[in-house]
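Structure first, then comments.
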Amino acid sequence: MTIQHPPDPTAAELAKHLPPAIMKYLREADPQHKANAHDLLAAFAADATVIDDDGTTYTGHDEIHRWRQTETSEYTYTVEVSHVEKLDDSHYVVTNHLEGDFPGGVVDIIYRFTLADGLITKLEIAP
């Protein structure tokens, strides 16, 4: 997969048509948005799995909630959707371009979503 650099101008438009669970996750994960744990967890199936960019796996709402609480950043940064790809009805890839005061200042984060019954069942995050 090729990450569009600079961000693909159609990515933001394509992102508007992502399934509601993915939209909800992206909104709640955005640092400019005051995150709501209830809304975030509502995007995930009860037995969902998240594999974070450090390789740690979190399973179920309790672990995912704890993971998001510890992911609160000490850094300030902006997020821009730079790539959206629908692989099939259950698999989507979204790349976010981050710029901020963290080490390196710029990074592209890839989110690989698997959905079932309208909920996220697996989320893999990679730099």
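This is a predicted model, so every value here is computed, not measured. Atom set for the values below is all heavy atoms of this structure, side chains included, hydrogens, waters and symmetry mates excluded.
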Is V94 close to L26 at the side-chain level, that is, under 4.5 Å between some pair of heavy atoms? yes
Flag yes if more than 12 heavy atoms outside D117 fall under 6.0 Å of its CG atom; otherwise flag no. no
Evaluate the side-chain contact (heavy atoms from CB on, under 4.5 Å) criterion for residues I120 and L115: first the C-alpha distance (whole Å), next the side-chain angles of each, then the deciding distance (0.1 Å), finally the verdict. CA-CA 5 Å; I120 300 167; L115 301 176; 3.6 Å; yes
Shortest non-hydrogen separation from I109 to P127 and the atoms involved: CD1-CA, 4.2 Å
Can you find a pair of side-chain heavy atoms, one from F113 and one from L18, that are under 4.5 Å apart? no
If you look at every heavy atom in K24 and A42, which pair is closest and at what distance? NZ-CB, 4.0 Å
Hey, could you give me the CD/OG1 distance between E80 and T95, rounded to the nearest 0.5 Å? 12.0 Å
Hey, does L123 have a side-chain heavy atom less than 4.5 Å from the side chain of F44? yes
State, with a plain yes or no, whether a side-chain heavy atom of L98 is found less than 4.5 Å away from one of T78. no
Contact between D101 and Y77 at the side-chain level, heavy atoms closer than 4.5 Å - yes or no? no
What pair of heavy atoms forms the shortest contact from R68 to L40, and how long is it? CG-CD2, 3.0 Å
Across all chains, not counting sequence neighbours, the ring-ring contact (aromatic ring centres under 6.0 Å, His included) partners of Y111 are Y25
Is there a donor in the side chain of E63 and an acceptor in the side chain of H65, or the other way round, less than 3.5 Å apart? no
Going by the rule side-chain hydrogen bond (donor to acceptor under 3.5 Å, both in side chains), which residues pair with D89 if we only count those two or more places apart in sequence or in a different chain? K86
Sorted by chain and number, sequence neighbours left out, side-chain contact (heavy atoms from CB on, under 4.5 Å) with D47 holds for A45
Partner set under side-chain contact (heavy atoms from CB on, under 4.5 Å) for I51, not counting sequence neighbours: T49, T57, K122, E124
Kindly compute the distance separating CD (E28) from CE (M23), expressed to the nearest 0.5 Å. 11.5 Å
Tell me whether S90 contacts the main-chain N or O of T114 through its side chain, where contact means a donor paired with an acceptor under 3.5 Å. no
Measuring from atom CG of D53 to atom CD1 of I125, what distance do you get when rounded to the nearest 0.5 angstrom? 6.5 Å
With side-chain contact (heavy atoms from CB on, under 4.5 Å) as the criterion, how do T56 and W67 come out once you've worked through the C-alpha distance, each side chain's angles and the decisive distance to 0.1 Å? CA-CA 10 Å; T56 305; W67 162 69; over 6 Å; no
Closest non-hydrogen atom pair between G118 and A21, with its separation: O-CB, 3.3 Å
Contacts of D88 that satisfy salt bridge (charged side-chain N to carboxylate O under 4.0 Å, His left out) - sequence neighbours left out: none
I'd like to check I64 versus L41 (side-chain heavy atoms, cut-off strictly below 4.5 Å). Are they in contact? yes
Kindly indicate whether the side chain of V84, heavy atoms from C-beta on, has any atom under 4.5 Å from the side chain of V93. no
For N96 and V79, indicate whether the former's side chain and the latter's backbone hold a donor-acceptor pair under 3.5 Å. no
My understanding is that only residues two or more places apart in sequence, or in another chain, count here; which of them pass side-chain hydrogen bond (donor to acceptor under 3.5 Å, both in side chains) with E99? H97
